[in-house]
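Note sheet for the following structure.
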Amino acid sequence: MRTHYTLFYFIAFSLILGCTPQTKQPITSGSNEATDYLSYEKRDDQFTGGIKMIPITTDMGTFKVWTKTVGHNPTKKVLLLHGGPGMTHEIYECADGYFPQESIEYIYYDQLGSYYSDKPDDLSLWDTARFVEEVEQVRKALKLDASNFYLLGQSWGGILAMEYALKYQKNLKGLIISNMMSSIPEYNTYAQEVLGPQLDPKVFEEIKALEANKAYTDPRYSELLFAHYYTEHVLRIPVDEWPEAILRSFKHANNQVYVHMQGYSEFGITGNATLKNWDIKNRLKEITIPTLVIGAKYDTMNPKHMEWMSTEVKNGTYLFCPNGSHLSQYDDQKNYFGGIINFINTTNTESK
């Protein structure tokens, strides 16, 4: 692995309705709504400014995961599941620019193994079913329930969100699946047969040759991906202008978790990675709660597949980001957050 694992921090995101935002006047600092939303008074996390280290029980012992709650709204609480696996909540810090003025409460959360949480050195913990039980323990600790609990998962977080909903959707008010397909084999096909061939043929052949030789730490591999792939399909902004929060998340990523579950390759999940055969597309119809599926034109994930997913769940909506890639919360930000806010507000109104 290359020094500081820089390449794999970027690779982590290959797993990790262009609709009009609902119009709403921003709350003012003098309003009761603003006071209630921003106040930590009488809350058990006032001392830490919203941060809680939540104990998680596993077969390997008890560990703690980091969460930070922003705002207060008894009917709209969004738990953010970051991608990777092994990345951090920092990828979603841009939510600060959109959720507060809509009075949406949201919870940053580093999954077990991620930077601000405990990082046990035990490969048996990096298992999808165990992560689902972790999310359930976090939900209980934060007192989230079907009257207020929205789960937003992006990339690997989308896998985790789908798996959680298949087991525990009775606890959810709404589900948001962001930039993630429901089948890894179909993702592999899309990456290898659609996105790869869109590259210059000589570039793609060189990348494939490096991967065949497992030369993932070769600086040339990173150079080719940065120059020809990342700024097209991961984040469509010049690399020297990438947000500081994204770079910080790369710096803090846990490569052990990522490689064990996702593997090394950019073009699909291969080798012995534990997610290689993950596929729940035939189970999507079991999800009956309101569900928003987000796809983007330039994503590493097939937007047509994600649109199809929104028709497979019983109560689905599709949000298409026409300018976005895998990190649409940055490169198509207004569409992305506008669509999420509209979904939350609409669902919240319909449930009353």
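These values consider heavy atoms only, across backbone and side chains, with no hydrogens, waters or symmetry-generated copies. Just so we're clear, the structure is a prediction, and the values are computed from it rather than from any experiment.
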* Asked: Centroid-to-centroid, H89 to Y116, below 6.0 Å?
  ->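 Yes - the distance between ring centres of H89 and Y116 falls below the 6.0 Å cut-off.
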* Asked: Is the gap between the ring centers of F267 and F204 under 6.0 Å?
  -> yes
* To do: Classify the angle between the aromatic ring planes of Y106 and Y108 as parallel (below 30°), tilted (30 to 60°) or perpendicular (above 60°).
  =>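 Perpendicular, since the angle between the ring planes exceeds 60°.
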* Does the pair F131 and V135 meet the rule for a side-chain contact (heavy atoms from CB on, under 4.5 Å), with working shown? -> CA-CA 6 Å; F131 274 112; V135 173; 5.7 Å; no
Using modelled atom types only, decide if a donor and an acceptor are shared between the side chain of [X] and the backbone of [Y] within a distance under 3.5 Å.
X: Q262; Y: L275; value: no
X: T67; Y: Y109; value: no
X: Y298; Y: L235; value: no
X: N254; Y: G86; value: no

* To do: Output the distance between atom OH (Y150) and atom CD1 (I176), rounded to the nearest 0.5 Å.
  =>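 CD1 of I176 is found 8.5 Å from OH of Y150.
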* Structure fact -> Nearest heavy-atom contact between V132 and E163 is CG2-CB, 3.6 Å
* To do: Identify the heavy atoms of K76 and I344 that sit nearest to each other, and give their distance.
  =>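 Result for this residue pair: CD-CG2, 3.6 Å.
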Salt-bridge test for [X] and [Y]: reply yes if a basic N is under 4.0 Å from a carboxylate O, no otherwise.
X: E133; Y: R130; value: no
X: E136; Y: R139; value: yes
X: D44; Y: K52; value: yes
X: K202; Y: E206; value: no

* Return yes when atom CG of D200 has more than 12 non-hydrogen atoms of other residues, nucleotides or ligands closer than 6.0 Å, and no otherwise. => yes
* **ring-ring contact (aromatic ring centres under 6.0 Å, His included) between Y230 and W242, worked out** => CA-CA 11 Å; Y230 291 132; W242 281 20; 7.1 Å; no
* Test: K119 cationic atom under 6.0 Å from Y115 six-membered ring centre, within 45° of axis ->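 Yes - K119 lies over the ring of Y115, closer than 6.0 Å to its centre and within 45° of its axis.
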* To do: Step by step, work out the side-chain hydrogen bond (donor to acceptor under 3.5 Å, both in side chains) result for T88 and S114.
  => CA-CA 6 Å; T88 75; S114 292; over 6 Å; no
